[in-house]
Every structure is written in structure tokens, then in C-alpha cells.
Amino acid sequence: MKICVHGAGAWGTAVAVNAAARHEVTLWARDAAQADAMSAARENTRYLPGLALPASLAVRAGDIAQAQAGVDLVIVATPMAALRGQLIALRGTTAQVAWLCKGVEPALDSTSPTAYGLLAHEIWAQVAPELKAGVLSGPSFAQEVAEGRPTALVAASPHAGVRDALVDAFHGPALRVYANDDIVGVEVGGAVKNVLAIATGLCDGLALGLNARAALITRGLAEMTRFGLALGARADTFMGLSGLGDLVLTATGDLSRNRKVGLLLAQGRTLAQAVDSLGHVAEGVYCARTVVQRARGLGIEMPIAEGVVALLDGQVSPRDAVAALTGRDPVPESVQPPAGPASRHSS
């Protein structure tokens, strides 16, 4: 296959390195100076230092309109905030398209109480519904994928051709790719797990113990599932790689940026200090408020996510945020489907 990966951050570089072993791959960077430096050093020194880029991987710079010419598959490896512009630029392409970002777009009208941020597939339906597109998601740290460590991902799309293209592009001895047509559930899992990982990082930073962490992960999975069901996802998706799998990884792994935000807040750092220290985007910081706002509009309770938002907004201290969660009144453990008809937001 001829593949273009647009976005030379850690994750874009990692999937480009993986696919270059079997396909003709070009990694497109937004910044020409970054592309020149990577080509010369054969290394992404900023995001994946120490990892040699294979000789077969071409590194170029330019916009996505240039990058898509003559390719079979376009991978958008930008942060969530840039996805809308990327999909607009891809209008009319005949290539299959997939994005890697996990999160929720900020509401375009922040002054409106009914203007919710969109998940990636909803942006796609709004700006470029003619594209054959989907998402590649699941429990994965870029560093480990780039190093060829065993990983399992999910290729989600309502289009079988997109799912097949992603499997053909990336499935191999170390990276296993499983197809799923529930793009709503896969994207909800990828977005909400980032918010929940901030909570588990906070828990670990306050040395509350492994029991507390397990409780937060389990109840967080229930919140994620309630939210997803209200948007039309299938419950079984949240028991899979993009739900439970990605939540466990992001909530417990030392490479997790969102967990690190929680750890730093527990140590007394300000939110600005925590984010600035990462050098990467922590999507949970940016989508937490939108997830909570949208959940309220759907009549869904998400107490852990709400606690994270109160913490990020400086309304409560780290210890008070945890105390509010552990002091909640008992409720039945089962995850109940949302009341009333659920609307499926899919293309």
C-alpha cells in the first residue's frame, strides 16, 4: 500500500515506522524545519528520541492536500483540535482516511449552553461525509509501538473497506488490529479514558493505594459505558480494547500523559505547570469539561469526570476532589441503559 501519515508527533511517527516495514510510507510534518531535521538525523529527536527511523520511511513537509496525492490510505495523526481542518482539506480524496486522535472537539460556540463539542466521527459527518473514513484506536503507547512491542488496536468504521485497509496496513506479528463497526463506542472509550486517567493519577499521587485505583477504574468504566450507551454505542465495545483495555493502560501506565497530569496536581503543581511539563498534548485536560457538559445534557451521571473538572478548574483541592468521590452515597453497581430513546451519532 501507499500510505501517508500526516502529523510527525510521537503517535504519527510510531505508526509510520510500523507500516514502513511492509508498505510505501511517507510521514508528513507540518513544519519544514522538523522534516529536514528528521530526514538528516533519521530520528524524531523531540518526540521519540533514540529511535532510528527506517531507511524506507520518507519524511516530507507540507499541507495535507499535497500529502494525499496518489495514496491508498491517509492517516491523520494530529491532536483533536486540528482534525476538523484536516478533514476539510481531504474533501474529495479517493483514498481511505483514518484518524488517530482520541478526545472531544471543544464546542465551537463556547457561549451556548447547548453547543457541545463533537467526537471525531461527528466532525466527519458534519464537514466531509463523503469520505470513506474511520479511526484506529486502542491501548497503545507510541514508544512501545515504535519499538515493535506487542500491541493490539481496533480499526473502527461503518465502512468495511476502511476497516480492511487499516488491518492490511498495520496488522503484523507485533501489532494486531481487530475490526469493529461501532465507531461511536470506540471513540467514546478513547475520549473518556483520558479524563478518568487524570483521576487515577491523582489517586496514585496521593498514595491512596491500589484498592482505590481499582475502584476508580471500575467505576470509571461504568461512567464511560453509561455515556456511550446514551450516544448509541454498544455495551460490548466497552469490554474490549478501546474501552476497558485503553482505560487500564492509560490509568496505570507510567507513559500516560493524562495520568501524569493527575500525579503532578497531587504534588501541588498548578494545571499550567503540569501541562507545560509534558511536552505533549494531554487530551483529557481539554475534553473533560466537554464530556461533562454533554453528559449533563443527556441526563447521565459521571461523578468521577465531574470531580476531574472541578479539580482542573481549581474549584477543589486534590484531597477534596478524592474525598468527594469516596464520600458519595452508595448506589447499585450495575450499569443501567439510559432512560428514553438514545440517538446514534454516526455517519
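Nothing fancy with the numbering, it's 1 onward along the sequence.
W28 and C4 make their closest contact through CD1-SG, 3.7 Å (heavy atoms, listed as atom of the first residue, atom of the second, distance). Between V104 and A191, the shortest heavy-atom distance links the atoms CG2-CB, 3.9 Å. Taking every heavy atom of both residues into account, G185 and S242 meet most closely at O-OG, 4.5 Å. Shortest non-hydrogen contact noted between R294 and L231 is NH2-CD2, 3.7 Å. A155 approaches V177 most closely through the heavy-atom pair CB-CG1, 3.8 Å. Heavy-atom minimum distance, A235 versus L229: N-CD2, 3.7 Å.
Under the side chain to side chain donor-acceptor pair (under 3.5 Å) criterion, the residue pairs touching residues 132-144 are Q143-E147, with sequence neighbours excluded. Residue pairs meeting the side chain to side chain donor-acceptor pair (under 3.5 Å) criterion with at least one partner in residues 55-75, sequence neighbours excluded, are Q68-T93. Each side chain to side chain donor-acceptor pair (under 3.5 Å) pair with one or both residues in residues 4-16, not counting sequence neighbours, appears once here: H6-Q86, T13-N44. Among residues at least two apart or in separate chains, side chain to side chain donor-acceptor pair (under 3.5 Å) pairs with a member in residues 185-194 are W99-E187, H121-E187, K193-T250, N194-N258.
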List the steps, then state whether salt bridge (Lys or Arg N to Asp or Glu O under 4.0 Å) holds for D181 with R234. CA-CA 10 Å; D181 63 357; R234 296 197 305 264; 2.8 Å; yes
Side chain to side chain contact (heavy atoms under 4.5 Å, CB included) evaluation trace for M302 with F227: CA-CA 8 Å; M302 300 186 71; F227 185 58; 4.0 Å; yes
Carefully, step by step, assess V76 and I64 under the rule side chain to side chain contact (heavy atoms under 4.5 Å, CB included). CA-CA 9 Å; V76 179; I64 202 166; 4.1 Å; yes
Audit row: D182, D236, side chain to side chain contact (heavy atoms under 4.5 Å, CB included) steps and yes/no: CA-CA 10 Å; D182 182 15; D236 63 290; 5.7 Å; no
Begin with the C-alpha distance, continue with both residues' side-chain angles, and end with the deciding distance and a verdict on side chain to side chain contact (heavy atoms under 4.5 Å, CB included) for R91 and V127. CA-CA 8 Å; R91 286 172 175 166; V127 304; 3.9 Å; yes
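Remark: the backbone N or O of L131 is paired with a side-chain donor or acceptor of W124 at under 3.5 angstrom. A donor-acceptor pair under 3.5 Å is formed between the side chain of T151 and the backbone N or O of R149. The backbone N or O of H171 lies less than 3.5 Å from no partner atom in the side chain of R176, so there is not a single donor-acceptor pair. Not one N or O on the side chain of D313 forms a donor-acceptor pair closer than 3.5 Å with the backbone of Q315. The backbone N or O of I123 sits nowhere less than 3.5 Å from a side-chain atom of E105 that would complete a donor-acceptor pair. Under a 3.5 Å cut-off, the side chain of R163 and the backbone N or O of S157 do form a donor-acceptor pair. Between the side chain of S277 and the backbone N or O of A274, at least one donor-acceptor pair lies under 3.5 Å.
Under the side chain to side chain contact (heavy atoms under 4.5 Å, CB included) criterion, L244 pairs with L221, V248, not counting sequence neighbours. The side chain to side chain contact (heavy atoms under 4.5 Å, CB included) search around T218 returns none, not counting sequence neighbours. R30 pairs by the side chain to side chain donor-acceptor pair (under 3.5 Å) definition with nothing, not counting sequence neighbours. Partners of T45 under the side chain to side chain contact (heavy atoms under 4.5 Å, CB included) rule, at least two apart in sequence or in another chain, are E43.
In this structure, L263 shares a hydrophobic cluster with no other residue, the cluster being traced through Ile, Leu, Val, Met, Phe, Trp and Tyr side chains under 4.5 angstrom apart. Cluster note: V309 groups with V292 through ILVMFWY side-chain heavy atoms spaced under 4.5 Å, whether in direct contact or through intervening members. In this structure, F141 shares a hydrophobic cluster with L249, L255, the cluster being traced through Ile, Leu, Val, Met, Phe, Trp and Tyr side chains under 4.5 angstrom apart.
Neither L153 nor V186 shares a network with the other; the hydrophobic side chains, linked directly or stepwise wherever heavy atoms of I, L, V, M, F, W or Y lie under 4.5 Å apart, form separate groups for each. Transitive grouping of hydrophobic side chains (ILVMFWY, heavy atoms separated by less than 4.5 Å) brings L27 and L73 into a common cluster. A single hydrophobic cluster is seen to contain both V192 and I300, as judged by linkage of ILVMFWY side chains at heavy-atom distances under 4.5 Å, directly or through other members. When hydrophobic clusters are built by joining Ile, Leu, Val, Met, Phe, Trp and Tyr residues whose side-chain heavy atoms come closer than 4.5 Å, directly or via intermediates, L136 is grouped together with I3. Residues L264 and L312 do not share a hydrophobic cluster, clusters being chains of Ile/Leu/Val/Met/Phe/Trp/Tyr side chains in contact below 4.5 Å.
Atom CZ of R42 is surrounded by more than 12 heavy atoms from other residues, nucleotides or ligands within 6.0 Å.
Of the candidates V195, D246, L247, M224 forms a side chain to side chain contact (heavy atoms under 4.5 Å, CB included) with just one, namely L247.
Between T237 atom OG1 and I183 atom CD1 the span is 11.5 Å, to the nearest 0.5 Å. Distance check, rounded to the nearest 0.5 Å: CD of E283 to NZ of K102 gives 10.5 Å. A distance of 8.5 Å separates CG of L100 from OG1 of T78, quoted to the nearest 0.5 Å. Distance check, rounded to the nearest 0.5 Å: CD of E306 to CD of E301 gives 7.5 Å. A distance of 12.0 Å separates CZ of F238 from CZ of R226, quoted to the nearest 0.5 Å.
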All N/O donor-acceptor pairs, side-chain side in residues 198-210, below 3.5 Å, sequence neighbours left out:
{"residue": "T200", "atom": "OG1", "partner": "A197", "partner atom": "O", "Å": "3.0"}
{"residue": "T200", "atom": "OG1", "partner": "A251", "partner atom": "O", "Å": "2.9"}
{"residue": "D204", "atom": "OD1", "partner": "R213", "partner atom": "NE", "Å": "3.3"}
{"residue": "D204", "atom": "OD2", "partner": "R213", "partner atom": "NE", "Å": "3.2"}
{"residue": "D204", "atom": "OD2", "partner": "R213", "partner atom": "NH2", "Å": "3.1"}
{"residue": "D204", "atom": "OD2", "partner": "R259", "partner atom": "NE", "Å": "3.2"}
{"residue": "D204", "atom": "OD2", "partner": "R259", "partner atom": "NH2", "Å": "3.0"}

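With contacts defined as side-chain heavy-atom distances shorter than 4.5 Å, the pair L166/I75 qualifies.
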